[in-house]
Amino acid sequence: MKIGIVCYPTYGGSGVMATELGIGLANKGHEVHFISYKRPARLTSYHQNIYFHEVGSLEYPLFEYAPYESSLISKIVDVSLHEKLDILHVHYAIPHAAVAYFAKEILLTKGIYLPVITTLHGTDITLVGLDPSMASVVEFSINKSDIVSCVSESLKQQTMDYFNTKHPIDVIYNFIDTERFSRKSNARFKSAFAPNGEKILAHTSNFRKVKRIEDVIKTYDIVRKELNVKLLLIGDGPERRMAEEFCREIHACDDIFFLGKQDSVEELLSIADLFLLPSKNESFGLSALEAMSCGVPVVSTNIGGLPEVNIDGQTGFTCDVGDVQCMAKKALYILKDENILAQFRANARSKALEFSKSQIMPQYESLYDRALEKAKSTVY
Ligand code: GMT
């Protein structure tokens, strides 16, 4: 099958999932064409069957903002015509689902029906999508997609609650390469951060407000009063400066490590004892899954799709948004007893195996088959 994938190329979860899916499909013999404004961050090396089409932006003195959407539509049409795409899979509704609809309409005038699959990832529905400046376009373009999928039951429910959806929505969970994300001992790393055998807490994200980094640090601050702990903060984004200032305020800079963006997150997760994810919104929580796959229990909020991944009392614990006392108490419960920690570690890894690439990826392939069937039976 020839598959076009439109995604954000950045470190965000939707771009990561789109790239991992594309790589997996290419390994299975499909021809994959990524279309984006930059090479996806996770597409680091050459892969047979993978092509990347960069979308340029047209600069002109009249434009205060370059019309990126128009350039993207033209690129999709161009790639579809010349590479003879069978389907187009767009990740993140804004603006990709709307752009896909436009490209599809252009292709129809040329006698080509390009089936469109839209995958909703989270903030495209729960935050940005709900904004009145976006909502009508999101609703329209979801309804115009041939097939819509989203990454948790919770996100499906929210999409149906917020928008007047006309078609069923498939739930396909995030997936993970459970070989890559598995616990590998790294004594050198461990002793660099925790030379005296301190426990290590970790958090990875793009440091946006929705991640509530301040709650990671507040939780850590409570835990460290009872236990020798270090904190690894992996990633970067708009809230980093605030977080750094907060660490200085509480005099914890020697024990909190800001590691910035990292490509081999699994190496750092492998030395962690507990993962914190206190998000205000989280449709699934790919970063929690990555930690669990490395045998790291998770203390997270109970929001969105998180309880579908992080099972309360089994793979970790879930608390209300902002309840740092609860998060610290649960963290201490797990960390203070080696037997409890070992049990939670094993549970986390075994739950993560349910989301392995080999289990989830075929679900996308069957969506593609359905989309092709639909295209065959559509009169246009
Ligand atoms: O929140 C992020 O880190 C980025 C964001 C995105 O769309 O790029 O992630 C969303 O998609 C991920 C992959 O499906 C989910 O695992 C994340 O839970 C979701 N983030 C939110 O809902 C806040």
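Just the heavy atoms: all of them, side chains too, but no hydrogens, waters or symmetry mates, feed the values below. The model shown is predicted, which means the values in this text are computed figures rather than measured ones. Just follow the structure's listing: the first ligand is 1, and inside any ligand the first atom is 1. Residues: numbered from 1 along the sequence shown.
- Between F355 and F284, the two ring planes are perpendicular [angle over 60°; tilted spans 30° to 60°].
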Contacts under 3.5 angstrom, residues 226-233 side chains, donor-acceptor by atom type, not counting sequence neighbours:
| unit_1 | atom_1 | unit_2 | atom_2 | d |
| --- | --- | --- | --- | --- |
| E226 | OE1 | K336 | NZ | 2.6 |
| K230 | NZ | D255 | OD1 | 2.7 |

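- Residues satisfying the disulfide bond (SG atoms under 2.5 Å apart) criterion with C319, sequence neighbours excluded, are C326.
- Ring planes of Y37 and Y8: perpendicular class, angle over 60° (limits at 30 and 60°).
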Under 3.5 Å, which donor-acceptor pairs link side chains of residues 153-164 to any protein atom two or more places apart or in another chain?
| unit_1 | atom_1 | unit_2 | atom_2 | d |
| --- | --- | --- | --- | --- |
| S154 | OG | G304 | O | 3.4 |
| K156 | NZ | I169 | O | 3.4 |
| Q157 | NE2 | D161 | OD1 | 3.0 |
| Q158 | NE2 | Y162 | OH | 3.3 |
| T159 | OG1 | L155 | O | 2.6 |

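- To the nearest 0.5 angstrom, I5 atom CD1 is 7.0 Å from C7 atom SG.
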Report every pair formed by an N or O atom of ligand 1 and a protein N or O atom separated by less than 3.5 Å, giving atom names and the distance to 0.1 Å.
| unit_1 | atom_1 | unit_2 | atom_2 | d |
| --- | --- | --- | --- | --- |
| ligand 1 | 1 (O) | R208 | NH2 | 2.5 |
| ligand 1 | 1 (O) | K211 | NZ | 3.0 |
| ligand 1 | 3 (O) | N206 | ND2 | 3.1 |
| ligand 1 | 3 (O) | K211 | NZ | 3.4 |
| ligand 1 | 7 (O) | S14 | OG | 3.4 |
| ligand 1 | 8 (O) | G13 | N | 3.2 |
| ligand 1 | 8 (O) | S14 | N | 2.9 |
| ligand 1 | 8 (O) | S14 | OG | 2.9 |
| ligand 1 | 11 (O) | H121 | O | 3.3 |
| ligand 1 | 14 (O) | H121 | ND1 | 2.6 |
| ligand 1 | 14 (O) | N174 | OD1 | 3.4 |
| ligand 1 | 14 (O) | N174 | ND2 | 3.0 |
| ligand 1 | 16 (O) | N174 | OD1 | 2.7 |
| ligand 1 | 16 (O) | G285 | N | 3.2 |
| ligand 1 | 16 (O) | L286 | N | 3.0 |
| ligand 1 | 18 (O) | E282 | OE2 | 2.6 |
| ligand 1 | 18 (O) | S283 | N | 3.4 |
| ligand 1 | 18 (O) | S283 | OG | 3.4 |
| ligand 1 | 18 (O) | F284 | N | 3.1 |
| ligand 1 | 18 (O) | G285 | N | 2.9 |
| ligand 1 | 20 (N) | E282 | OE2 | 3.1 |
| ligand 1 | 22 (O) | S283 | N | 2.9 |
| ligand 1 | 22 (O) | S283 | OG | 3.4 |

